[in-house]
Amino acid sequence: MTVLKTSMRNFFAHKGRMALSAVAVLLSVAFVCGTLVFTDTMNTTFDKLFAVTSSDVTVSAKGASDDGETTSGNGRPPVLPASVVDQVRKARGVKSAQGTVFSTAVTVVDADKNNLSPTSGAPTIVGSWNGNDARTMKITSGAAPSGSDQVMVDADTADKHHLGLGDEIGVITAVGTHTAKISGIAAFTVTNPGAAIFYLDTPTAQRTLIGEPGVYTNIDVTAAQGVSDARLKKDVVAEIGAGYKVQTAKETADANQKEVADLLNVMKYVMLGFALIAFMVGIFLIINTFSMLVAQRTREIGLMRAIGSSRRQVNQSVLAEALLLGVFGSVLGVGAGIGIAVGLMKVMGSVGMKLSTDDLTVTWTTPLVGLALGVVVTVLAAYLPARRAGKISPMAALRDAGAPADARAGRIRLLVGLVLTVAGAGSLYLATQADKANAGSLWLGLGVVLSLLGFVIIGPLLAGGVIRVLGAILLRAFGPVGRMAERNALRNPRRTGATGAALMIGLSLVACLSVVGSSMVASATDQLDKTVGTDFIVQSDSGQLFTEQAVKAVKSTPELARVTEYRLLDAALTTPDGRTSKKEMLNAADPTYAQDLRTKTVAGDLADAYKPDSMSVPEGFAKKHGITLGSKVQVDFKDGTAGRLTVRAITSDDVVIDKGAMYTSIATAARYVPADSMPLDLLLFATAKDGQQEAAYQALKSALHDYPQYTVRDQTDYKQELKDQIGQLLNMIYGLLALAIVVAVLGVVNTLALSVVERTREIGLMRAIGLSRRQLRRMIRLESVVIALFGALLGLGLGMSWGATAQKLLALEGLNVLEIPWPTIIAVFIGSAFVGLFAALVPAFRAGRMNVLNAIATE
């Protein structure tokens with residue numbers, strides 16, 4: 001009981017000094033809990049949606065995807081004849097059966113050709129309106145579509161794009177473009193996670209989405225009273241046979257949810273990874289806080305030992321303070337985590353993914369995980385300072401505050417740190433020597449962990465040399481004040497090293513990812529310059545295939561010298577070794593594709609692969625199956641017949657674009673695949689006539705004005721698109737790393753604040769002999785800046801070495817260019833100085849306001 005009372009008294013006596021450590025625990029726990037609540041809420045939202053939208057039993061074509069995505073090469077969803085609906089109705093236990101039509105392979109535009117698809121990545125769905133949809137949608141204005149000139153839109157999409165009754169929209173599919181006017185607006189009765197949904201009447205949906213009447217993509221079956229879904233499924237299968245895909249409501253919901261869950265799990269674990277990084281940084285803050293508090297209370301602890309307190313009691317007292325800190329910070333962090341989850345939902349809403357707070361899901365495990373993690377991490381971080389406190393002898397009551405360093409412990413620390421650093425460097429070296437990226441990535445991961453731990457442990461040793469260099473470059477210009485700031489930073493290398501290490505962790509990851517991102521962009525740009533021999537690439541960003549009309553529009557552009565069609569075909573390959581690869585993709589193109597993409601070959605000429613009954617295979621596939629030039633491969637085309645093609649080229653695996661592709665000509669494929677089963681073009685490549693690149697660019701865009709589903713890009717556009725995509729990913733990662741950097745800044749603030757308290761008498765004496773308030777504040781700011789720059793130097797140097805090693809592994813995948821983003825590295829280094837200045841504002845202000853006489857009188 002005495003230990004608890006002492007701990008409580010000390011905790012509240014130093015509550016100001018504990019506050020920043022508590023904030024670090026709070027932020028880390030909040031990020032963990034916020035991530036868990038947010039992903040649980042997303043799961044709940046989709047669970048409810050899929051549960052409500054799924055019929056008791058759904059019948060669809062064999063091979064149809066669960067989300068309605070088009071799986072056939074003609075750009076249309078697989079269908080069922082209307083006769084199947086009548087068969088299903090005859091099955092035992094069926095109350096009703098209704099055919100529906102829907103597709104996600106669509107683009108919907110307004111009258112000005114502006115795309116109405118969500119920007120969040122959610123699908124655009126066009127389907128027929130029926131009774132099943134009425135379970136999740138309520139018509140709020142107008143009426144359901146009842147003719148070919150009418151369409152109904154969901155309320156969220158109408159609000160976002162300011163659509164109203166009577167407005168004209170166009171539905172663009174592989175069949176063509178269908179225009180209609182909005183006859184009604186329907187609101188979701190459950191949460192809409194961001195999809196844009198448009199409804200046509202059934203005959204119009206059949207013509208628009210499929211191009212023929214009397215067919216359906218799905219049949220929604222409702223069970224009679226007392227009939228279970230499983231029983232109904234058996235009866236339906238017994239009636240129509242096994243040639244169809246039949247799923248119960250639970251199976252449909254589970255299949256849809258699995259796809260969502262895979263994405264959410266990736267998001268969750270990535271965010272939890274960054275939360276773990278923040279916890280690691282917080283550990284340094286907590287260790288520093290308790291180490292300094294123990295050092296400042298050396299005499300006090302010595303007196304406690306002198307009057308009878310045991311080592312165990314002193315140890316327990318410090319750990320009890322840590323426990324109070326962990327509980328206090330974790331409880332607040334759990335509450336803040338719920339707030340973060342709500343904030344993330346609002347952010348998702350701003351980009352189009354609507355999530356309702358009515359679905360906010362806080363499971364009992366979330367606060368438990370947050371509390372356990374926060375308390376355990378805090379107590380473990382305080383263990384070493386607590387153990388050090390327990391070793392303080394009663395004789396310390398006779399000495400000034402501050403305990404002498406343990407020289408033996410310092411030597412052991414140095415030895416361990418050097419061993420880990422050397423082991424980490426060795427692992428990074430082995431990663432650069434790996435022949436395969438998978439094996440190298442294991443060495444890279446080990447090297448990152450070992451080198452990081454090594455630098456953390458030898459940080460105090462490095463602090464002396466690095467800070468002296470920084471002091472000579474930056475601080476000497478400030479005269480005596482600068483020299484005092486340097487000496488203050490050097491006074492306790494262990495504390496300076498731990499404070500710098502907190503910043504080092506976050507900045508090392510920033511530097512590593514910057515190097516990797518810049519190298520990827522530079523390598524891909526280099527590959528584009530070396531391999532792409534065409535001027536323009538035309539494609540649909542939503543994955544829609546090319547209609548015949550769009551291809552004709554491109555080919556009729558007079559400024560173009562050539563246009564190359566490119567399509568994908570599914571096939572099964574039987575190789576000379578007798579083995580059959582049942583699911584392979586053949587890239588069928590016009591012969592001019594050999595000029596549009598200058599793919600390296602290890603044998604033969606790629607142009608020969610476009611000769612009649614010819615093909616190419618990649619290097620790895622050829623080695624695996626014993627294929628050489630002239631080998632015959634039996635190709636069983638999906639929806640077609642089999643042919644024996646001659647291998648006339650073997651392409652190199654040392655490429656990025658189309659790596660592993662197998663090429664043949666469209667003319668060869670057409671010999672074995674009927675015209676009505678031949679896939680549509682996925683891409684078009686266009687090359688301008690000499691000297692007419694700019695005119696062809698504008699003409700091509702004009703030719704596709706009526707086809708807004710397709711985008712024309714020249715090589716400059718393509719490079720910029722690639723750079724923007726990687727930049728957006730890096731910005732998101734930097735945003736997540738900002739949490740760790742904020743915690744590190746709190747660590748600098750806390751270290752300086754406690755350092756000011758520790759040096760109260762010294763500060764008073766300096767003020768008494770003439771140091772002005774302004775000079776004092778400058779000294780503390782300079783000390784903070786040099787500590788921050790120390791952490792930045794270690795972090796940026798370590799991160800660049802990781803990034804350079806990672807690039808060596810990327811080179812095995814064809815990304816051969818190493819690029820160090822010096823502007824980013826320099827900006828981060830300079831930014832670290834401002835971080836140091838910011839962190840010193842409050843401690844410097846408090847030191848400047850210190851009463852000189854009271855400070856001198858302090859013991």
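- Between Lys552 and Glu548, no side-chain nitrogen of the basic residue sits less than 4.0 Å from a carboxylate oxygen of the acidic one, so the salt-bridge criterion is not met.
- The side-chain heavy atoms of Leu798 and Leu452, taken from C-beta on, include a pair separated by under 4.5 Å.
- At a cut-off of 3.5 Å, with distance as the only test, a side-chain donor of Tyr734 or Ser514 sits close to an acceptor on the other residue.
- In terms of heavy-atom proximity, Tyr566 sits nearest to Ala589 at CD1-CB, 4.1 Å.
- Residues Gly795 and Ala511 share a closest heavy-atom pair of O-CB, 4.4 Å.
- When every heavy atom of Ala607 is checked against every heavy atom of Ala594, the shortest pair comes out as CA-CB, 3.9 Å.
- The closest side-chain donor-acceptor pair between Thr564 and Asp596 falls under 3.5 angstrom.
- Here CD of Gln698 is found 5.0 Å from CD of Glu694. Values are rounded to the nearest 0.5 Å.
- No side-chain donor-acceptor contact under 3.5 Å links Ser581 to the backbone of Lys583.
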For a side-chain hydrogen bond (donor to acceptor under 3.5 Å, both in side chains) check, start with the C-alpha distance between Asp613 and Thr668, then their side-chain angles and the critical distance, and finish with the verdict. CA-CA 6 Å; Asp613 282 345; Thr668 294; 4.9 Å; no

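- A donor-acceptor pair under 3.5 Å links the side-chain atoms of Ser508 to the main chain of Ile505, judged by distance alone.
- Under the 3.5 Å distance criterion, with hydrogens and angles disregarded, a donor-acceptor pair is assigned to the side chains of Lys632 and Thr646.
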Run the side-chain hydrogen bond (donor to acceptor under 3.5 Å, both in side chains) test on Asn115 and Ser117 for me, step by step, so that the C-alpha distance in whole Å, both residues' side-chain angles and the decisive distance to 0.1 Å come before the verdict. CA-CA 6 Å; Asn115 200 322; Ser117 297; 2.9 Å; yes

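- The only member of Val448, Val449, Leu450 that meets side chain to side chain contact (heavy atoms under 4.5 Å, CB included) when paired with Ser427 is Leu450.
- For Asp577, the CG atom is densely surrounded, since the number of other residues' heavy atoms within 6.0 Å is greater than 12.
- Taking the side chain as every heavy atom from C-beta outward, Met662 and Pro618 approach each other to under 4.5 Å.
- Counting only distance, with no hydrogens or angles, the side chain of Thr557 and the backbone of Leu560 share no donor-acceptor pair below 3.5 Å.
- Within a 6.0 Å sphere centred on NZ of Lys659, heavy atoms belonging to other residues, nucleotides or ligands number more than 12.
- A donor-acceptor contact shorter than 3.5 Å links the side chain of Thr173 to the backbone of Thr208.
- Ring pair Phe685/Tyr593: centre-to-centre distance below 6.0 Å.
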Taking it one step at a time, do Leu812 and Leu810 satisfy side-chain contact (heavy atoms from CB on, under 4.5 Å)? CA-CA 5 Å; Leu812 298 174; Leu810 292 176; over 6 Å; no

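- The side-chain heavy atoms of Ser103 and Val126, taken from C-beta on, include no pair separated by under 4.5 Å.
- To the nearest 0.5 Å, the span separating CE on Met585 from NZ on Lys638 amounts to 9.0 Å.
- Shown here for Val175 and Gly211, the closest heavy-atom pair between the two residues is CG2-N, 3.6 Å.
- Panel note: side chain Ser631, backbone Val647; no donor-acceptor pair is recorded below 3.5 Å.
- In this structure, the side chains of Thr599 and Tyr663 come closer than 4.5 Å at one or more pairs of heavy atoms.
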Quick one, Thr124 with Thr104, criterion side-chain contact (heavy atoms from CB on, under 4.5 Å). Give me CA distance, side-chain angles, the key distance, then yes/no. CA-CA 6 Å; Thr124 299; Thr104 58; over 6 Å; no

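- Looking at heavy atoms from C-beta onward, Ile627 lies in side-chain contact with Val633 at the 4.5 angstrom threshold.
- Judged purely by atom type and a 3.5 angstrom limit, Asp681 has no side-chain atom pairing as donor or acceptor with the backbone of Phe546.
- Note that CE of Met800 and CG of Leu818 are 10.5 Å apart. Values are rounded to the nearest 0.5 Å.
- How far CG of Leu569 is from CD of Glu584: 13.0 Å, rounded to the nearest 0.5 Å.
- Ion pair Asp636/Lys582 not flagged as a salt bridge, since none of the NZ, NE, NH1 or NH2 atoms sits closer than 4.0 Å to an Asp/Glu carboxylate oxygen.
- Panel note: side chain Asp653, backbone Gly620; a donor-acceptor pair is recorded below 3.5 Å.
- Rounded to the nearest 0.5 Å, atoms CG (Leu507) and OG (Ser832) are 4.5 Å apart.
- A salt bridge links Arg713 with Asp541; the closest basic N to acidic carboxylate O contact falls under 4.0 Å.
- Comment: Arg567 engages Glu565 in a salt bridge, judged by a side-chain N to carboxylate O separation of less than 4.0 angstrom.
- Nearest heavy-atom pair across Gly440 and Ala434 is CA-CB, 3.5 Å.
- Here the CZ atom belonging to Arg648 is positioned 12.0 Å from the CG atom belonging to Asp605, to the nearest 0.5 angstrom.
- A pairwise comparison of heavy atoms in Ser616 and Thr651 identifies OG-CG2, 4.2 Å as the closest pair.
- Between the side chain of Ser677 and the backbone N or O of Val673, no donor-acceptor pair lies under 3.5 Å.
- Under a cut-off of 6.0 angstrom, the local environment of CE in Met271 is crowded, with over 12 non-hydrogen atoms contributed by other residues, nucleotides or ligands.
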Does the side-chain contact (heavy atoms from CB on, under 4.5 Å) test come out yes or no for Val516 and Trp802, once each step is laid out? CA-CA 9 Å; Val516 170; Trp802 296 345; over 6 Å; no

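- A side-chain donor-acceptor contact under 3.5 Å links Gln807 to the backbone of Asn816.
- The closest side-chain heavy-atom distance from Tyr610 to Thr664 is not below 4.5 Å.
- Side chain of Asp714 to backbone of Thr716: a donor-acceptor contact under 3.5 angstrom is found.
- Glu619 and Lys624 are not joined by a salt bridge, as no carboxylate oxygen comes within less than 4.0 angstrom of a charged side-chain nitrogen.
- Within a 6.0 Å sphere centred on CG of Asp690, heavy atoms belonging to other residues, nucleotides or ligands number 12 at most.
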Go through the steps for Ile657 and Leu597 under the test side-chain contact (heavy atoms from CB on, under 4.5 Å), then give the verdict. CA-CA 9 Å; Ile657 301 173; Leu597 189 72; 3.8 Å; yes

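- Annotation: side chain of Thr547 is not in contact with side chain of Val551 (no heavy-atom distance under 4.5 Å).
- Using a 4.5 Å heavy-atom cutoff, the side chains of Thr534 and Gln595 are not in contact.
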